[in-house]
K.L.:
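Take this structure, written in structure tokens, and hold onto it; I'll ask about it next.
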Number of protein chains: 2
Amino acid sequence: MVNTVAKALQILDALSESQPQGVSDLARNLGLPKSSVYSILETLVSEKIAEKNVQTGKYSLGVKLIELGNCAQTGLDICRIAAPFLQGLNVKFDETVHLTVLDNNEVLYIDCIESRRRLRTYSVIGVRAPLHCTSVGKAILAFLPDAEIEKIVAEKGLPVFTAATIASPERLAAEVAVIRRQGFAIDNMEHEEHLRCVGAPIFNSQGSVFAALSLSGPAERNTMERILEMAPEVVSAGLEISRRLGWRGEPQSSWR
Amino acid sequence: MVNTVAKALQILDALSESQPQGVSDLARNLGLPKSSVYSILETLVSEKIAEKNVQTGKYSLGVKLIELGNCAQTGLDICRIAAPFLQGLNVKFDETVHLTVLDNNEVLYIDCIESRRRLRTYSVIGVRAPLHCTSVGKAILAFLPDAEIEKIVAEKGLPVFTAATIASPERLAAEVAVIRRQGFAIDNMEHEEHLRCVGAPIFNSQGSVFAALSLSGPAERNTMERILEMAPEVVSAGLEISRRLGWRGEPQSSWR
DNA sequence: CTATATCGTTCATATATATGAACATCGTTC
DNA sequence: GAACGATGTTCATATATATGAACGATATAG
């Protein structure tokens, strides 16, 4: 383990979280010595991982990260393997499809194909969302061990976004039971108004859930009826992706 | 300057350039000690900047980079400032627009809005292309000092991609003269068959060209006539973006 | 099935690096 | 306009780190 590199990554994290910052800002926020931050930033800038605004002296993330981010995405097993299935779902229903992974008890959106319709869910690659109020998040949550779910709820709470957001551990437990039986999760305007999505889990070769995919679109078009038509397709895409990742499990009979 | 961080970035670069690699591969290719590579990778993995395949023991880029890449893109001055202009051009012509920066004597695509048509240029954020055969590349190249152009040609050569690619320094010099007079560059199927694009330069506050934007689409639809209709709009978008970035220059009269 | 080569990993120590303090510079405040 | 407080930057040295050599495990070859 290398402290210096860890510090550099801390700095990148800090830069990703807010407006351009100066050396002192960063040092204060991260509890690191100014001079350390300074020399690390110097290196990052020389590699275009960070960028220094010569007028303000503030630092922000650099162009090289765009390139690396793109390589990371196209290189990830999960992205490569999932791509054709995402495309299949996108073509069939003409709704936006998302691919997400579990990271730090949140979902991180790592791939997206947008619907071609005028009214559609927009691309959100690289952003994060809570587990308890998104279809992908709930699809992951439901297949974690109960103890893990409790731990996450304790840590993150159940913040409310809309009138439909699940806000009590009891309702969440009930929802988890439903998702485990069905094999898919529905986000019925629980994170954003007018947005209805259906998501299914993706398992790794060890058999644990670590990712999810979803179809999402405006509730006016994605009626509950249509969502239930989509669900089996999303589930089987998730299962097929899991298998190609080395998963050797079997779906429950209630899933199909 | 911090060697350790530089090494970590070298490793990321290596991981971005090819298939997943092991510790020894990386150490050999980069001329670094195995143990150094090992401990750096350990740190990168713990921060999800890199990923280790537990079965093969090989390393690849991690999900965190997708997030950072996204933040870099939305945070970059140039992206933020250019976004509305890219959108304007995209809506007006319904062709794919690209935003690129000059990096290492290549163009790096940093933003894109796709056309909504069936036949269209696809998104390429994060990839690179040569300067001498793309509209964005030529738009940048033409506004570099002559000495710089010569240096780049000496370093990169003029690799041929299609029948129309500019392959001799003389033809390139003539093309540069035209672009300087017009204020925009046309890629007439010089990089890919059936693809015709028009690009214009973007200048920074020091007055040097460092980025470019373009409209691109199938040659069958983007006739030379249509390209020439697009050109003034692309040029004025480039100039307006430059001004908002602090550029105080004046376009030549022949540009409008 | 043995021998060999190559792999990822560990560890002590020589070595390069992090950093506290001091510096010059800038913008603010009184 | 002087004093202050904040900034980004430099530098010597105490300190944490890079790394060569050695390890066991695994794959390949004979």
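Lettering of chains follows the sequences in order, A, B, ..., and the numbering in each one begins at 1. Just so it is clear, the structure is predicted and the values come from calculations on it, not from any experiment.
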K.L.:
Can you tell me how far C1' of D/dA18 sits from CG of B/Leu30, to the nearest Å?
P.N.:
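Answer to the nearest Å: 15 Å.
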K.L.:
Over how many whole Å does the gap from A/Glu42 atom CD to D/dG8 atom P extend?
P.N.:
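So the two atoms are 13 Å apart, to the nearest Å.
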K.L.:
Between D/dT19 atom P and B/Leu41 atom CG, what is the distance in whole Å?
P.N.:
13 Å
K.L.:
Does C/dC30 have a Watson-Crick or wobble mate here (both distances under 3.5 Å), and if so which one?
P.N.:
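D/dG1 - that is the nucleotide pairing with C/dC30, both distances being under 3.5 Å.
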K.L.:
Between the side chains of A/Glu240 and A/Arg244, is the shortest nitrogen-to-carboxylate-oxygen separation below 4.0 Å, so that they form an ion pair?
P.N.:
yes
K.L.:
Taking any heavy-atom pair under 4.0 Å as a contact, classify A/Ser24: base, sugar-phosphate, or nothing.
P.N.:
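Sugar-phosphate only.
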K.L.:
Side-chain contact test, heavy atoms from C-beta onward, threshold under 4.5 Å: evaluate it for B/Asn70 versus A/Tyr109 and give yes or no.
P.N.:
no
K.L.:
Considering just the side-chain nitrogens and oxygens of A/Lys7, establish if one lies under 4.0 Å of OP1 or OP2 belonging to C/dT19.
P.N.:
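Yes, within the criterion.
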K.L.:
Taking the nucleotide of DNA chain C with the nearest heavy atom to each, does A/Val37 or B/Ser35 sit closer to the 5' end?
P.N.:
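Its nearest nucleotide lies further toward 5', so the answer is B/Ser35.
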K.L.:
Could you state the NZ-C1' distance from A/Lys34 to D/dT7, rounded to the nearest angstrom?
P.N.:
7 Å
K.L.:
Closer than 4.0 angstrom, basic N to acidic O: yes or no for A/Lys64 and B/Asp103?
P.N.:
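No, this pair does not count.
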K.L.:
Between C/dG27 atom P and A/Lys58 atom NZ, what is the distance in whole Å?
P.N.:
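In whole Å, C/dG27 P and A/Lys58 NZ are 13 Å from each other.
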K.L.:
Would you indicate, yes or no, if C/dA18 has its OP1 or OP2 atom less than 4.0 angstrom from a side-chain nitrogen or oxygen of A/Thr4?
P.N.:
yes
K.L.:
When you match A/Gln21 and B/Pro33 each to their closest nucleotide on DNA chain D, which lands nearer the 5' end?
P.N.:
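By nearest-heavy-atom nucleotide position, the 5'-most residue is A/Gln21.
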K.L.:
Output the rounded distance in Å from CG (A/Leu32) to C1' (C/dG20).
P.N.:
14 Å
K.L.:
If each of A/Tyr59 and B/Ser36 is mapped to the nucleotide of DNA chain D with the nearest heavy atom, which maps nearer the 5' terminus, i.e. the 5' end?
P.N.:
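Nearer the 5' end of the strand: A/Tyr59.
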K.L.:
OP1 or OP2 of D/dT9 sitting under 4.0 Å from any side-chain N/O of A/Tyr38?
P.N.:
yes
K.L.:
Below the 4.0 Å mark, does C/dT9 have OP1 or OP2 next to a side-chain nitrogen or oxygen of B/Lys52?
P.N.:
yes
K.L.:
Does B/Tyr59 reach the side chain of B/Gln21, with side-chain heavy atoms less than 4.5 Å apart?
P.N.:
no
K.L.:
So, OP1 or OP2 of C/dT17: does either fall under 4.0 Å of a side-chain N or O from B/Asn3?
P.N.:
yes
K.L.:
Check the distance between C/dT19's C1' and A/Leu26's CG and give it to me in whole angstrom.
P.N.:
17 Å
K.L.:
For this output row, return yes or no: ring centroids of A/Phe143 and A/Trp247 closer than 6.0 angstrom.
P.N.:
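Ring-ring flag for A/Phe143/A/Trp247: false, centres at least 6.0 Å apart.
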K.L.:
Could you tell me the separation between the CD1 atom of A/Ile40 and the C1' atom of D/dA16, rounded to a whole number of Å?
P.N.:
13 Å
